[in-house]
2 protein chains.
Amino acid sequence: MNSLKQMDRGALSDALDHSGQRTTPQRETVFSVLLDQRDHPTADEVYARTKSRMPTISIATVYNCLETLVSCGLVKQVNIEREPTRYCPNLSPHAHFHCRETGRVYDVPVPSGMMQELAGVLPGEYEADSVELVFRGHLAKGKTK
Amino acid sequence: MNSLKQMDRGALSDALDHSGQRTTPQRETVFSVLLDQRDHPTADEVYARTKSRMPTISIATVYNCLETLVSCGLVKQVNIEREPTRYCPNLSPHAHFHCRETGRVYDVPVPSGMMQELAGVLPGEYEADSVELVFRGHLAKGKTK
DNA sequence: ACATAGTTTAGAATTATTCTAAATCAAATT
DNA sequence: AATTTGATTTAGAATAATTCTAAACTATGT
């Protein structure tokens, strides 16, 4: 048993159906892991967390599931420097803040309109379908969030 | 002999001096390779180009030199998805456009003020020292640039 | 029930990058 | 000028995230 809420389970099977892929226990569990702890885990971290709910799952399957979730639009990959890819189920437009000290990644909500405005700086010949905005720095005194 | 202009040679040794590192023929040659063809090459590509000017250089040295140039602020790393790191000697504030079709990366000038404005969306507890903006998509009909 | 196609799995393979340790080089000092 | 010292270069080994491979499994449609 995974901890997907009815709503999320629905969103998952809709999205999978829509892209011609099956809803499987592995995919549900991986998705629930991402939704339950929204700290931008790496594939390895997702693997560890998923394993505690589904001990027989393999790392290859975790990679497969993550790729599937990305391909059907439910999850985004976050690439920070040369570090392992992180996964993020936050679909609303947002940026990321990467703390150099702790290595942690935080979501930063971006006012609607800002993304539009950003796209506006692109010369006409470029047609962008995604915008990635990453800040890097550190958190003010003591704030660990 | 590498093809560094007097100005760039000066900037290089100043920056290296300033960070307590030596000016070497390898570093000069790698830097000149980056300045001569500004197409965001990977380390492997830099290696191939440098080799034609300095056949004895090793790939490890190319990595070392690139790291050195980044550390003294003359070059920026550009990380696009899971692809190999690319290197960029453009120090003016700019974004990148990554063409999904060709894989090429283009510099996109960003109006001064835009970067400031971006930093403005960050809640107070975040202190950013760098902002990375990457667009992904494709070039309009036929435009290969 | 059977065929088909999609999915999972363990382990091997890949690949960009980093590490290691020896050789080389260059500046500073005797 | 020789010597010491520390930085740099180098080839090759090691690392680590990710992808690939091929066999086993599962679900679905006929």
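Below, chains carry the letters A, B, ... as their sequence lines are ordered, and counting in each starts from 1.
A/Asp17 has its CG atom 11 Å from the P atom of D/dT28, to the nearest Å. One atom, CG of A/Asn64, and another, P of D/dT21, lie 13 Å apart when rounded to the nearest Å. Atom pair A/Glu81:CD and D/dA17:C1' shows a separation of 16 Å (rounding to whole Å applied). For the pair B/Glu67 CD and C/dA16 C1', the computed distance is 15 Å after rounding to whole Å. Taking atom CD1 of B/Ile59 as the reference point, atom C1' of C/dT18 lies 12 Å away to the nearest angstrom. Rounded to whole Å, the distance from CG on A/Asp44 to P on D/dT15 is 16 Å. Following rounding to the nearest Å, B/Gln77 (CD) and C/dA16 (C1') show an atom-to-atom distance of 12 Å. Taking atom CG of A/Leu16 as the reference point, atom P of C/dG6 lies 14 Å away to the nearest angstrom.
The ring of B/His96 has its center no closer than 6.0 angstrom to the ring center of B/His98. Checked against the 6.0 Å centroid threshold, A/Phe97 and B/Tyr126 count as a close aromatic pair.
Residues B/Arg22 and A/Gly20 each lie close to DNA chain C; by heavy-atom proximity, the contact nearer the 5' end of the strand is made by A/Gly20. Comparing B/Val62 and A/Thr42 by the nucleotide of DNA chain D whose heavy atom lies nearest to each, the residue mapping closer to the 5' end is B/Val62.
Within 4.0 Å (heavy atoms only), A/Ile57 reaches sugar-phosphate atoms of the nucleic acid but no base atom. Across all strands, B/Glu83 comes closer than 4.0 Å to no nucleic acid atom at all (heavy-atom distances).
A/Leu69 has its side chain within reach of A/Phe31: a pair of non-hydrogen atoms, C-beta onward, lies under 4.5 Å apart. Counting only heavy atoms from C-beta outward, the side chains of B/Gln21 and B/Ser71 approach each other to under 4.5 Å. Inter-residue side-chain proximity for B/His18 and B/Cys72 is flagged as unmet; no heavy-atom pair is nearer than 4.5 Å.
The nucleotide whose nearest atom lies closest to any side-chain atom of B/Gln21 is, among D/dT8, D/dT19, D/dT10, D/dT8. Looking at the side chain of B/Thr61, the nearest of the listed nucleotides D/dA17, D/dC20, D/dT9 is D/dT9. Of the listed nucleotides (C/dT17, D/dA11, C/dT7), C/dT7 has the atom at the smallest distance from the side chain of A/Arg27.
Under 4.0 angstrom from either OP1 or OP2 of C/dA16 there lies no side-chain N or O belonging to B/Thr85. Using a 4.0 Å cut-off, no side-chain N or O of B/Gln26 falls inside it from OP1 or OP2 of C/dC25. Contact check, A/Arg82 against C/dT18: no side-chain N or O comes under 4.0 Å of OP1 or OP2. Residue B/Thr24 has no polar side-chain atom (N or O) positioned under 4.0 Å from OP1 or OP2 of D/dA7. For A/Ser58 and C/dT8, the shortest distance from a side-chain N or O to OP1 or OP2 is not below 4.0 Å.
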